[in-house]
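In what follows, every chain begins at residue 1, and chains take the letters A, B, ... in the order their sequences are listed.
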There are 2 protein chains.
Amino acid sequence: MKATIIDVAKEAGVSFKTVSRVMNGETSVRPATKEKVLAAAQKLNFTVNSAARRLRSKQPHVVTLILHNVSRSYAQDAQIGAMAGAQELGLSLVIEDAPDKDALARMAADDTLLGLILIPPFSHDPVVLEELDAAGIRYMRVGSEMDSPGSITVGMDDRKASREITDYLIGLGHELIAYICGPEAHEVSLLRRLGYEDSMRASGLTISAQMIRAGDFSYASGVKAAEVLLNQDVQPTAIVCANDEMAAGCLAAAYRNNIRVPEKLSVAGFDDSPVARVIYPSLTTIHQATRDMAKRAVILLHKNSLDDAAPGDVERMAHELIIRESTGPVPQ
Amino acid sequence: MKATIIDVAKEAGVSFKTVSRVMNGETSVRPATKEKVLAAAQKLNFTVNSAARRLRSKQPHVVTLILHNVSRSYAQDAQIGAMAGAQELGLSLVIEDAPDKDALARMAADDTLLGLILIPPFSHDPVVLEELDAAGIRYMRVGSEMDSPGSITVGMDDRKASREITDYLIGLGHELIAYICGPEAHEVSLLRRLGYEDSMRASGLTISAQMIRAGDFSYASGVKAAEVLLNQDVQPTAIVCANDEMAAGCLAAAYRNNIRVPEKLSVAGFDDSPVARVIYPSLTTIHQATRDMAKRAVILLHKNSLDDAAPGDVERMAHELIIRESTGPVPQ
DNA sequence: CGCTCAAATGACACCGCTGTCAATTAAAGA
DNA sequence: TCTTTAATTGACAGCGGTGTCATTTGAGCG
């Protein structure tokens with residue numbers, strides 16, 4: 001039988017209300033008392049019954065993660081990270097597909113809802129954000145830099161990371177470096193492209209429109225863009241892609257065109273998705289801690305609901321340049 | 001404000017206990033009364049407060065998914081599927097790393113625990129199963145065929161699927177078909193290899209020890225096994241792998257040995273993991289509905305806890321042969 | 001038509017915790 | 001040392017359901 005707050009109270013020789021206070025970290029408990037209670041709780045292996053707590057205190061405890069394309073690797077990572085965060089805090093995680101007006105209204109009326117976790121593309125969709133603000137629904141954005149009144153974002157420095165990976169290629173001697181963009185609707189697409197341009201500019205290399213191709217994060221779009229790049233008059237010696245799937249597409253295009261990677265062409269990705277490791281050659285890429293970001297977002301959402309944090313903040317997680325086999329020195 | 005059982009009772013003109021009965025599907029309620037209650041509940045948009053229900057009725061509501069290597073694609077899929085099932089049933093999902101004796105004892109004592117979901121390799125580890133049986137912990141296995149007293153399994157027919165994909169290659173004219181196994185500790189490894197052998201035998205092809213190589217489901221082991229196969233005196237024209245990652249490794253080895261796939265060599269995988277689609281050439285493989293299996297496992301666990309289902313059952317989910325670019329006719 | 005007995009319904013306690021507010025204690029000031 | 005006042009602590013109700021058991025209802029039958 002599981003110990004209750006009353007058992008602990010008896011054991012510690014205080015009223016059960018005091019135990020409750022300690023368990024909730026309330027300040028008005030004398031240190032000595034607190035100690036006693038904690039010891040008793042430990043001894044009885046006590047943990048609060050969250051069902052009872054939820055029933056009585058009407059504090060919201062549901063975090064809803066809004067997902068659109070569940071199969072994408074970052075969506076999965078976000079889900080897993082968010083779940084870890086929720087589990088740690090004793091919150092419930094609900095996964096919801098892009099909610100319609102009706103669902104929003106229901107959410108706004110739901111006093112158990114702590115808030116939403118938004119990942120791209122929702123996290124930087126002005127329409128969505130506006131609707132949420134209008135409905136008075138709290139939310140936390142993952143992986144977006146765009147400011148929005150009253151919302152915090154957990155992200156990474158996409159622009160800087162993109163610059164780093166381009167810098168790395170330049171360091172290898174490359175000068176004709178092409179870039180395959182993500183979809184324009186994604187804010188990160190812009191940031192990553194800007195990072196590439198920052199790097200090129202800083203090294204005095206020319207940024208040519210011919211070397212920048214549109215993509216949409218899909219493998220197929222990577223293939224297509226690379227085919228164009230590899231068959232134009234001035235061919236790149238390196239291609240930086242806005243994500244790993246498109247980089248995988250580049251590799252496929254190179255293979256079909258009999259261009260060896262990395263001997264004749266270097267290819268870089270972004271995300272460090274699972275594919276980066278099991279493709280040949282394995283991808284040089286940027287590792288992004290999507291899971292940690294999502295987890296952190298849940299934690300912040302929870303904290304935020306307690307002590308109203310500063311709005312408009314961005315919390316940045318570290319990224320890491322992962323060097324693998326798909327990049328090498330510029331061919332002679 | 002959310003409607004309570006009492007509101008519904010008033011609206012329907014019955015006692016709140018009757019409403020409770022209806023909400024729990026108890027039989028001793030007259031159809032006419034039930035109708036009234038349901039209508040009232042609908043009208044007030046009522047749903048039971050799960051916190052209150054959990055508090056009072058001490059029925060277990062926690063499902064724990066045992067995971068070891070969270071990053072594996074099937075582990076992620078299992079997690080997402082299990083979560084979907086839990087959400088649907090209003091259960092809580094907890095993720096736990098390989099539990100030690102201590103953790104097991106705690107689980108056995110935890111009367112909120114509905115049961116465990118086990119995926120490979122735990123799901124067919126006799127030691128683990130025995131410990132669970134001894135501790136009296138209910139569990140549900142995903143993707144394992146091995147019988148175990150009192151447990152049900154949700155799986156697929158690995159052997160048949162493996163035979164199908166080999167049959168497909170034979171249909172393309174291949175006769176020298178090699179096989180790269182999964183780790184021996186995994187039961188599916190055995191089943192999949194047997195499927196390959198079934199197919200070879202049925203077509204009157206010789207099963208040569210030289211053509212069967214050990215692997216461990218990792219990319220690296222796929223590379224290694226393929227290197228051996230592609231450099232021995234009698235080289236295969238097709239390689240069947242026990243999973244996609246090893247097939248990706250084969251592709252890499254083929255590339256390094258200048259063997260074009262599928263022109264000179266066909267490669268088949270198993271799982272239809274995300275990598276199968278974004279690799280070049282894309283992998284012919286077996287699609288396995290891991291998510292659905294895990295979800296189903298949760299649902300069965302729940303049902304099972306109510307009406308003690310028949311033990312030792314296996315519920316099979318459909319699989320599908322996915323033909324992509326990595327396989328082709330036998331070279332002339 | 002009254003009686004019996006199972007089926008249907010209701011009354012009420014209580015699950016384990018938190019909110020409210022009153023009671024107690026200790027610290028500080030007179 | 002005795003108030004005064006703030007800091008601690010405790011008593012008690014009640015969150016929204018379910019379990020137990022008593023009560024009412026109505027179908028079947030003599």
Under 3.5 Å donor-acceptor pairs involving side-chain atoms of residues 23-49 of chain B, not counting sequence neighbours:
{"from": "B/Asn24", "atom 1": "OD1", "to": "B/Arg53", "atom 2": "NH2", "distance (Å)": "3.2"}
{"from": "B/Asn24", "atom 1": "ND2", "to": "B/Ser20", "atom 2": "O", "distance (Å)": "2.8"}
{"from": "B/Lys43", "atom 1": "NZ", "to": "B/Glu11", "atom 2": "OE2", "distance (Å)": "2.8"}
{"from": "B/Thr47", "atom 1": "OG1", "to": "B/Lys2", "atom 2": "NZ", "distance (Å)": "3.1"}
{"from": "B/Asn49", "atom 1": "OD1", "to": "B/Ala51", "atom 2": "N", "distance (Å)": "2.8"}
{"from": "B/Asn49", "atom 1": "OD1", "to": "B/Ala52", "atom 2": "N", "distance (Å)": "3.0"}

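- Taking atom CD1 of A/Ile5 as the reference point, atom P of C/dG19 lies 11 Å away to the nearest angstrom.
- With sequence neighbours excluded, the residues satisfying side chain to side chain donor-acceptor pair (under 3.5 Å) with A/Asp272 are A/His287, A/Arg324.
- Residues meeting the salt bridge (charged side-chain N to carboxylate O under 4.0 Å, His left out) test with A/Glu315, sequence neighbours left out: A/Arg296.
- We find the OG1-CD distance between A/Thr153 and A/Glu187 to be 8.0 Å, quoted to the nearest 0.5 Å.
- Two end axes, each from the C1' atoms of five base pairs, can be drawn for the helix from C/dC1-D/dG30 to C/dA30-D/dT1; they diverge by 30°, to 10 degrees.
- The distance between atom CG of B/Asp111 and atom C1' of C/dC15, rounded to the nearest whole Å, is 12 Å.
- Under the rule for a ring pair (Phe, Tyr, Trp, His ring centres under 6.0 Å), B/His319 has no partner lying at least two apart in sequence or in another chain.
- Residues satisfying the salt bridge (charged side-chain N to carboxylate O under 4.0 Å, His left out) criterion with A/Glu130, sequence neighbours excluded, are absent altogether.
- B/Ala98 meets the side chain to side chain contact (heavy atoms under 4.5 Å, CB included) test with B/His68, B/Phe122; sequence neighbours excluded.
- For the contact set between residues 32-56 of chain A and DNA chain D, defined by any heavy atom under 4.0 Å, the members are A/Thr33, A/Leu55, A/Arg56.
- Not a single salt bridge (charged side-chain N to carboxylate O under 4.0 Å, His left out) links B/Glu320 to another residue, sequence neighbours left out.
- Residue pairs meeting the salt bridge (charged side-chain N to carboxylate O under 4.0 Å, His left out) criterion with at least one partner in residues 116-125 of chain A, sequence neighbours excluded, do not occur; the list is empty.
- Between the P atom of C/dT18 and the CD1 atom of A/Ile6 lies a distance of 12 Å, rounded to the nearest Å.
- The side-chain hydrogen bond (donor to acceptor under 3.5 Å, both in side chains) pairs that include a residue from residues 56-65 of chain A number zero, where partners must be two or more places apart or lie in different chains.
- Going from atom CZ of A/Arg30 over to atom C1' of C/dA26 covers 7 Å, rounded to whole Å.
- Here C/dG16 presents its C1' atom at 8 Å from NZ of B/Lys58, a figure rounded to the nearest Å.
- A pairwise comparison of heavy atoms in B/Ser273 and B/Ser73 identifies CB-OG, 3.6 Å as the closest pair.
- The stretch residues 9-28 of chain A comes close to DNA chain D through A/Val14, A/Ser15, A/Phe16, A/Lys17, A/Thr18, A/Arg21, A/Ser28, each having a heavy atom under 4.0 Å from the strand.
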